[in-house]
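Heads up, the thing below is written out as structure tokens.
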Amino acid sequence: MNPASLIPMAEPIPIHWAWFDVLLIVTFAAHVLFMNAMLGSAAIGLVQAVRGRSGLIREVGMKLPPLLALTINLGVAPLLFLQVNYGNFDYVSSVLMGGWWLAVVFVLLYSYYGFYLYKFKFETMGAGMRLALFGSSVLGIVYVGFMFSNNMTLMLEPGGWHSYFDGYAGFLNWRDPALYPRFLHMMVGALAVGGLFVALLGRHQGNDGFVETGMTWFFRATVVNLAVGVWFLVALPDRVLLAFMGKNLPASLTLAAALLSAGVMLYRGFHGDPRRTAVWAVITVFFMACARHWVRTLYLAPWFKIESVPVTNQYGSFYLFLGFVVAGGGLMAYMLKLYFKSRQGRA
Ligand code: HEM
């Protein structure tokens with residue numbers, strides 16, 4: 001079977017594809033930053049609790065429901081932009097994963113509910129029950145992340161889609177050697193940014209213990225992630241790897257910028273300043289998201305060129321969208337201003 005026959009035809013798009021790609025990368029970077037803060041700090045709190053120090057898990061547990069809500073909301077935006085430009089690949093991979101993909105909704109609900117129970121029933125629950133609930137909720141989040149890595153890699157390889165016909169259920173992308181380092185890179189990154197979040201929390205609350213624990217996790221996880229990143233790079237197909245090694249100049253420069261930024265971030269982290277380190281972490285995640293986008297473009301090159309998708313040049317809805325972004329952003333800024341003012345009053 002010719003795998004190309006399994007790729008649906010691309011639908012026309014209303015405006016130039018670059019708008020959607022930029023919005024996809026920016027919103028994905030925001031999604032991943034919140035996911036990292038949520039999952040990373042939860043995992044660090046859990047490890048500390050298992051070691052008998054439960055101050056951090058309690059503090060972090062109070063922040064998890066809003067952090068998870070923001071992660072999910074900021075995931076919707078890239079999902080929409082992804083479907084506009086790459087829907088003919090992403091819809092297929094979602095369908096091919098079958099039950100594994102559908103289960104994401106239920107597992108996410110379980111974890112969400114688990115974090116809420118942890119927060120609001122903290123006093124009335126036994127310590128063992130609390131730890132079990134928290135631990136299983138963190139595991140649920142890891143499952144969701146793994147399903148995303150499966151989906152995002154499966155969509156890139158129509159050559160492997162025929163496996164669907166070998167069985168009656170959905171399948172995961174186990175046969176892709178890049179899946180493992182890619183997922184690990186995301187998870188270790190979550191520990192690093194989660195550590196930074198813990199350190200920022202400590203700085204905000206004047207808790208030096210949190211600052212030290214958070215910065216230690218940040219530094220160690222980032223050093224480990226440099227090695228995992230190299231594994232990820234060499235696990236990519238040769239043509240993608242060579243493109244990053246100089247054959248494709250913009251892709252190579254993007255990766256170089258991401259690595260340079262990671263170096264500055266590590267340097268800042270070494271000097272123990274959480275705020276400046278956080279600024280460089282945001283810059284690094286943005287450049288890494290750009291490099292990840294190059295991975296997608298290079299993988300899909302034999303099957304699809306985004307430039308070939310017809311554009312209808314209907315800019316009306318886009319201007320409406322921009323108007324809502326500006327007006328919505330203004331309203332949110334106003335709401336936050338009122339919120340902080342009322343908090344000052346209460347204090
Ligand atoms: C809260 C649990 C979640 C976790 C731990 C999580 C984690 C991840 C990870 C690790 C990736 C990168 C996968 C890879 O490239 O290998 C990813 C990508 C993505 N996530 Fe999430 N995610 C979560 C929830 C969501 C939700 C609820 C949505 C949508 C409503 C969402 C939308 C997306 C999209 C669209 C991408 C891919 C963006 C792109 O390819 O540019 N995520 N997520």
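If you're wondering where the values come from, they're calculated on a predicted model, not measured in any experiment. Numbering of ligands and ligand atoms starts at 1, following listing order.
Although no hydrogens or angles enter the test, the distance criterion places a donor-acceptor pair under 3.5 Å between the side chain of Asn248 and the main chain of Ala251. With hydrogens and angles disregarded, no donor-acceptor distance shorter than 3.5 Å links the side chain of His185 to the backbone of Val228. Judged by distance alone, with hydrogens and angles left aside, the side-chain atoms of Arg58 form no donor-acceptor pair with the main-chain N or O of Gly45 at under 3.5 Å. A donor-acceptor pair is defined here as one N or O able to donate and one able to accept, closer than 3.5 Å; such a pair exists between the side chain of Ser342 and the backbone of Tyr339.
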Requested in this report: Quick one: do Trp101 and Phe148 satisfy ring-ring contact (aromatic ring centres under 6.0 Å, His included)? Show the steps, please.
Outcome: CA-CA 8 Å; Trp101 184 243; Phe148 269 98; 5.1 Å; yes
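Salt-bridge annotation for Arg203 and Glu212: absent, with no side-chain N of the basic residue lying under 4.0 Å from a carboxylate O of the acidic one.
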Give a table of atom pairs where an N or O of ligand 1 lies under 3.5 Å from a protein N or O.
unit_1, atom_1, unit_2, atom_2, d
ligand 1, 15 (O), Arg182, NE, 3.2
ligand 1, 15 (O), Arg182, NH2, 2.7
ligand 1, 15 (O), Arg292, NE, 2.8
ligand 1, 15 (O), Arg292, NH2, 2.8
ligand 1, 16 (O), Ser149, OG, 2.8
ligand 1, 16 (O), Arg182, NE, 2.8
ligand 1, 20 (N), His31, NE2, 3.0
ligand 1, 22 (N), His31, NE2, 3.2
ligand 1, 40 (O), Arg292, NH1, 3.4
ligand 1, 40 (O), Arg292, NH2, 2.9
ligand 1, 40 (O), Arg296, NH1, 2.8
ligand 1, 40 (O), Arg296, NH2, 3.2
ligand 1, 41 (O), Arg292, NH1, 3.2
ligand 1, 41 (O), Arg296, NH2, 2.9
ligand 1, 42 (N), His31, NE2, 3.0
ligand 1, 43 (N), His31, NE2, 3.2

